[in-house]
J.: 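One structure follows; several queries about it will come next.
Computation of the quantities below employed the complete heavy-atom set of this structure, encompassing side-chain atoms and omitting hydrogens, waters and symmetry-equivalent molecules. Each ligand, and each atom within it, is numbered from 1 in the order the structure gives. The first residue of the sequence shown is numbered 1, and numbering continues consecutively from there.
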Amino acid sequence: MQETARKRLQQAERVTVLTGAGISAESGVPTFRGAGGLWEGFRPEELATPEAYARDPEKVWRWYAWRYQQVMEAEPNEAHYLLARLEEEKGNGFLLVTQNVDGLHHRAGSRRLLELHGSITRARCERCGHRQPLPPPDEFEPPPYCERCGSRMRPDVVWFGEFLDADLLARAERAFMTSEVALVIGTSAVVEPAASLGRLAKAAGAYLIEINPEATPLTPLADLSLRAGAAAGLRWLLE
Ligand code: NAD
Ligand code: ZN
């Protein structure tokens, strides 16, 4: 079964990958549930919402500035780089979809990349929707202002209670439904709608591979579920 998985992946022209917070754990970026996930005693659910931002934009921006600094101090790990290499091998038939907002896939060189939940390395204009990268962390004074219209900007992320970008989601679903091999890495597969991408692929006939040190709701569906960290699992699959 494990040899089959390697062969399927090697031969496939259309490959999709979904990643979650687990792939960045080995870069030292805390998951929300991990110990380093709290900030001044607040839970993310109390800060990452439109209501929290409306009430106290300065506090929410201070939290994002802190997280931005944390991810910029982190480096992409072997798993991020292996996915960038896989993209080079597969070309047009490859798509990487991530729930992560840490920008590490982009920094590792991934370009056929959909960031479903946005990125904390960017801001989005509250008035005109223009997006721009944040300045380097040591020069950054929140809040940022729009270079187009001068209005205040918000973090370019999807908050609890907000909808994902419908166009991004449709592109992700199309790719998963037409892929030959789908890889799901480091996500607990409980947060919708990203959780259903693996299911969609499987239902449409893809070979489904999961990499996660723990079992998830996707595990029973997977053709192969590797109980491993992201880097070790990918190294084994791609070597
Ligand atoms: P999650 O629900 O995506 O679950 C994390 C998963 O990673 C778990 O199933 C865990 O078993 C697995 N995991 C742990 N270590 C791993 C490793 N070394 N290799 C592979 N898998 C590993 O994560 P969450 O923290 O509950 O996040 C919920 C939401 O918040 C998601 O949208 C998530 O992407 C976002 N978030 C993003 C970041 C980031 O950008 N780095 C950090 C925290 C939260
Ligand atoms: Zn603007």
J.: Report, in ascending order of atom number, the atoms of ligand 1 lying under 4.0 Å from any heavy atom of Asn212.
T.: 8 (C), 9 (O), 10 (C), 11 (O), 12 (C)
J.: Does the ring of Trp61 carry Arg152 above it, NZ/CZ under 6.0 angstrom from centre and within 45° of its axis?
T.: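 Not flagged: Arg152 not positioned over aromatic ring of Trp61.
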J.: In ligand 1, which numbered atoms sit nearer than 4.0 Å to a non-hydrogen atom of Pro213?
T.: 13 (N), 16 (C), 20 (C), 21 (N), 22 (C)
J.: Show all protein N/O/S atoms under 2.8 Å from the Zn ion (ligand 2), or state that there are none.
T.: Cys125 SG, Cys128 SG, Cys146 SG, Cys149 SG
J.: Can you list the residues that meet the side chain to side chain donor-acceptor pair (under 3.5 Å) rule with Glu75, with sequence neighbours excluded?
T.: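 Not a single residue meets the side chain to side chain donor-acceptor pair (under 3.5 Å) criterion with Glu75.
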J.: Is a salt bridge present between Asp223 and Lys202, judged by a nitrogen-to-oxygen distance below 4.0 Å?
T.: yes
J.: Does the distance from a Lys or Arg side-chain N to an Asp or Glu carboxylate O, for Glu89 and Arg85, drop under 4.0 Å?
T.: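 Yes, this pair counts.
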J.: Can you list the ligand 1 atoms lying under 4.0 Å from a non-hydrogen atom of Glu214?
T.: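 Per the distance check, 11 (O).
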J.: In residues 144-151, what donor-acceptor pairs under 3.5 Å come from side-chain atoms, sequence neighbours left out?
T.:
| from | atom 1 | to | atom 2 | distance (Å) |
| --- | --- | --- | --- | --- |
| Glu147 | OE2 | His130 | NE2 | 2.9 |
| Arg148 | NH1 | His130 | ND1 | 3.4 |
| Ser151 | OG | Arg127 | NH1 | 3.3 |

J.: Look at Arg154 together with Glu126 and state whether they make a salt bridge at an N to O cut-off of under 4.0 Å.
T.: no
J.: Should the pair Arg43-Glu46 be classified as a salt bridge under the 4.0 Å nitrogen-to-oxygen rule?
T.: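 Yes, charged N to carboxylate O under 4.0 Å.
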J.: Looking at Arg122 and Glu115, does any basic side-chain N land under 4.0 Å from a carboxylate oxygen?
T.: yes
J.: Looking at His117, which atoms of ligand 1 are within less than 4.0 Å of one of its heavy atoms?
T.: 32 (O)
J.: Distance under 6.0 Å and angle within 45° of the ring axis: does Arg67 meet both against Trp63?
T.: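 Because its charged atom sits under 6.0 Å from the ring centre and within 45° of the axis, Arg67 does stack over Trp63.
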J.: Would you say the ring centers of Tyr53 and Trp159 fall short of 6.0 Å from each other?
T.: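 They qualify: ring centres under 6.0 Å apart.
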J.: Give the atom numbers and elements of ligand 1 that come within less than 4.0 Å of a heavy atom of Ala230.
T.: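 In order of numbering, the contacting atoms are 17 (C), 19 (N), 20 (C).
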J.: Is Gly186 close to ligand 1, meaning an N/O of one under 3.5 Å from an N/O of the other?
T.: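 Indeed, backbone or side chain, Gly186 has an N or O that close.
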J.: Tell me whether Val101 has any N or O atom under 3.5 angstrom from an N or O of ligand 1.
T.: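 There is such a contact, yes.
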J.: Heavy-atom pairs closer than 4.0 Å: do any link ligand 1 to the side chain of Asp102, the backbone, both, or neither?
T.: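 Contact part for Asp102 vs ligand 1: both backbone and side chain.
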J.: Can you tell me which portion of Glu26 lies within the under-4.0 Å heavy-atom range of ligand 1? Options are side chain, backbone, both, or neither.
T.: side chain
J.: Can you give me every donor-acceptor pair (side chain of residues 228-239, partner residue at least two apart or in another chain, under 3.5 Å) with its distance?
T.:
| from | atom 1 | to | atom 2 | distance (Å) |
| --- | --- | --- | --- | --- |
| Arg235 | NE | Glu78 | OE1 | 3.2 |
| Arg235 | NE | Glu78 | OE2 | 2.9 |
| Arg235 | NH2 | Glu78 | OE1 | 2.9 |

J.: Looking at Val29, which atoms of ligand 1 are within less than 4.0 Å of one of its heavy atoms?
T.: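 With Val29 as reference, the close atoms of ligand 1 come out as 41 (N).
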